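Take a look at the structure set out below.
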Amino acid sequence: MTYLDDLNPAQRAAVLHTAGPLLVLAGAGSGKTRVITYKIAYLLDRCGAEASHILAVTFTNKAAEEMRQRVARLLGSESSTVLPWIGTFHSFCTRLLRRHIESLGQGYTSDFSIYDEEDQLRLIRACSRELGLDEQQLSPRAIQARISRAKSRGLTPADVREDPEWTSTPERALMLALFEQYEHRLRAANALDFDDLLVKAVALLRQEARLRARYRAQFRFILVDEYQDTNRLQFELLLLLAAREGSPGEADSERHVCVVGDPDQSIYRWRGADLQNVLEFERHFPNTRVITLDRNYRSTKTILAVANALIRHNTDRKEKVLWTENEDGPPVGYYPAETAEDEAEFVVERIRAHLVQDPQARIAVLYRTNAQSRLFEEACRRAGVPFRLVGGFSFYKRAEVRDILAYVRLALNPWDDESLRRILNVPPRGIGQKTLEALEHLARAAQLSLWDALQVAVIERRLPERTMESARTFLQLIGRLRACAREGTIADVFRMALYETGYVQALRERTLSSSDPLDAENRLLNLEELLSAAAEADERGERLREFVDRAMLVADTDEYDPTAPVTLMTMHSAKGLEFPIVFVVGLEDGLFPHARSSTDREELEEERRLFYVAITRAQRQLYLTHACARRRHGRLAPTTPSRFLKELPRDLLQDLSLTERAPIDRSAHNGFFDPSLAPATRLSRERGQTSSLHPQASARSPSRERGASSPFREGARVRHPLYGVGRILAREESGAQILLTIAFPGIGKRKFVEGLAPLEIIS
DNA sequence: TTAGTTCCCATTTTT
DNA sequence: TGGGAACTAA
Ligand SMILES: Nc1ncnc2c1ncn2[C@@H]1O[C@H](COP(=O)(O)OP(=O)(O)OP(=O)(O)O)[C@@H](O)[C@H]1O
């Protein structure tokens, strides 16, 4: 009974309740995730449940992995228990469809490709061009968002004809045509976009009664975390797998569905998350037991009071107040910086102070948009504070990685026109725009895939002689890659996609003679990493398709490393995480709440919930900062503090600009000051902040200090994973970065960015 | 016809 | 700040 003692009575009740539907509604940090985790352990440990009977759904892959580890820890090392399937809805659907999509009878094969947002945008552009639409008028992004929202509600182009969001638009005929074309092309490409993964899984289970019965019998325990942000289709899936069907022979009483969520933390309605899933849960699952948890274990009383005060400003909610036995803790730090650069300096200086005090501290900097990360990255780099950046530049979303993946995806699915289009002339092989257009024309006329069109064009000699040669070589290349995909290891396939395609060769040439050798350098490194990832997957015994699926489904947040001392990420990515120290930055109207979500009341309330999520990530110390002036479109413009700040209790906030010695090194900012800053300076003076608050504008020379603290001195020997051992020839500043020129024997000189490149000092 | 360059745009959040 | 489209040189 040991681990059950870690739970309070309400939590324990939730864990012990294992028959029938259960809805756990609870505030931030009240132990919802803990309930799910413990319940899995309890089911395996005490209820004799088989791992295969349990389906646990989390919001991200990373959360899934963490949960798996926690469950394993609870069960103890002595148990060699197989763990249940824990993952996101999307990965669950992927698995289901890889196995059964052919029964759906819509022409898909189990080799279907998964199209992520980038693929979708390319496809939409292609459709747009084909229909002769004006891109200015209908931005591909907007179309993609709208199509996705419709699909996540389970709507088809036919349904959408009646939908107000669509019929009210002036371009509705065009939009509709585009939607239809998009769907048509996806199907022809044997490809599913993210929404399709859910759409088709629902269709499959709805249509195939036997399959449904089989999975209903298997997954007798279904647990869903972050339930408040599930969409319509995910709810449908839940209904199909777990709602009472009334067919005899089914032991519904033994069936258990447990969903946990917090309506105040619903921050994904903009992409179709539907709170109706929570509100109507009890209607769809009769005899639901509802348990609420309101004791917070995460944050100090102060932080919690601030969070509670904020969220009360939402009208569209059920009142619920969290409490805690934790100590009061320090006041929430508030710092209005003059400029966004100053804000970053302040935050990083504070981080440094915290890390000196407690090297184990885990600190998060949370912002509204990914673009805001840059200043904090630079400030960290300048100060020598190591950090992890989550999101924005996911490894598997980098262009070079996507290019190589496109080769592999094309090898796996010959109908995958988007992948083919992507790499047909990458690296340049003389099959350019005109040839592609000719091929597309042929494909359309003969109802062929682009791949088949290419083959036909070669066989029937429909291309100019020069192009013929390249096209033939290309066809053979993909043919070999395909054979390799069938028989070789994952690493073999990627090696072939890297080298035989000439991709690496082209990049190597660019490291020698191009405008941006550093960029080419970094790309080569990323590809090297991709190859290692492939080799690791081989070692785990993974299949090529699993590896590629995982690459397509990785989310930004999946890169989060819980042991990193400093993490930079969006507030959205921070959902479900916790940190002793949290900085919420950029609290300015227009940024947060974002200008595009400030007018509509519902959208504004979602922004407020987002702030609530951000605040409640903090365990001990919370900082709120903003800048009084910030560069936008390159121009420095004054800003207004976020309206949300006014909603927080004054007495719990401490204005650090009044008491704090400003840790800002003025000398570093000379270049930034220009006349347009004047209003902002005045603004901050009115707050009692004067330039005398910056007495530290000492002669501290940042570059010298950096030089002294860095181990990367000229003459030092370093090891690089790709090039081996070399010697540092030069170390120079270039903007915010420091460039190292390193000579490798037998290879030559290479340039790297200090702190970015995987360099290791050899003493 | 292709490849490289310049210019110009818009710019939230993400499974 | 970067990606994409239009433009231009080979
Ligand atoms: N009964 C308990 N005793 C001690 N600590 C607890 C207890 N319940 C939860 N905690 C701790 O409180 C913190 C928050 O728990 P958890 O992440 O499960 O909450 P949550 O409700 O999922 O949070 P959020 O909704 O903010 O994601 C964790 O650090 C967890 O270990």
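Letters A, B, ... are given to chains in the order of the sequence lines, protein chains preceding strands, and every chain is numbered from 1. Keep in mind it's a predicted model, so treat the numbers as computed, not measured.
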Atom-to-atom span, [atom1] of [X] to [atom2] of [N] - whole angstrom:
X	N	atom1	atom2	value
E437(A)	dT2(B)	CD	C1'	12 Å
M569(A)	dT13(B)	CE	P	15 Å
Q144(A)	dT12(B)	CD	P	12 Å
L366(A)	dT14(B)	CG	P	12 Å
R608(A)	dT12(B)	CZ	P	22 Å
K434(A)	dA6(C)	NZ	C1'	13 Å
K62(A)	dT14(B)	NZ	P	17 Å
L424(A)	dT2(B)	CG	P	10 Å

May I ask you to verify if any side-chain N or O of [X] is less than 4.0 angstrom from the OP1 or OP2 atom of [N]?
X	N	result
R271(A)	dT13(B)	no
N370(A)	dT13(B)	yes
S573(A)	dT14(B)	yes
S597(A)	dT13(B)	no

Geometric cation-pi criterion R187(A) and F112(A), 6.0 Å radius, 45° cone: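 Cation-pi check for R187(A) and F112(A): fails.
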
Cation over ring face, K575(A) and F59(A), 6.0 Å, 45°: yes

Y182(A)/Y115(A) aromatic ring centres below 6.0 Å: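 Distance test on ring centres: not under 6.0 Å, no.
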
Pair F376(A) + F387(A): ring centers closer than 6.0 Å: no

Nearest-angstrom distance, C1' atom, dT13(B) to dG4(C): 23 Å

Sugar-phosphate, base or nothing in reach of F59(A), heavy atoms under 4.0 Å: sugar-phosphate

Sugar-phosphate only, base, or nothing, as touched by E606(A) at under 4.0 Å among non-hydrogen atoms: nothing

As a test of reading the structure: which of [options] is closest to the side chain of [X], going by heavy atoms?
X	options	answer
R125(A)	dG4(C), dT15(B), dT13(B)	dG4(C)
T435(A)	dA3(B), dT15(B), dT1(B)	dT1(B)
T570(A)	dT14(B), dT12(B), dT1(C)	dT14(B)
H90(A)	dT15(B), dT12(B), dT1(C)	dT15(B)
P428(A)	dA3(B), dT1(C), dT15(B)	dA3(B)
N425(A)	dT14(B), dT12(B), dA3(B)	dA3(B)

Salt-bridge criterion met for R409(A) and D119(A) (N-O under 4.0 Å): yes

Pairwise 5' ranking along DNA chain B for E603(A) and F194(A), keeping only the more 5' one: E603(A)

Parallel, tilted or perpendicular: rings of F547(A) and Y396(A) (30°, 60°): perpendicular

pi-stack flag for W270(A) and dT13(B), centroid dist under 5.5 Å, interplanar under 30°: yes

H594(A) over dT12(B), stacked by centroid distance under 5.5 Å, angle under 30°: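 Yes; by the centre-distance and plane-angle rule, H594(A) counts as stacking on dT12(B).
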
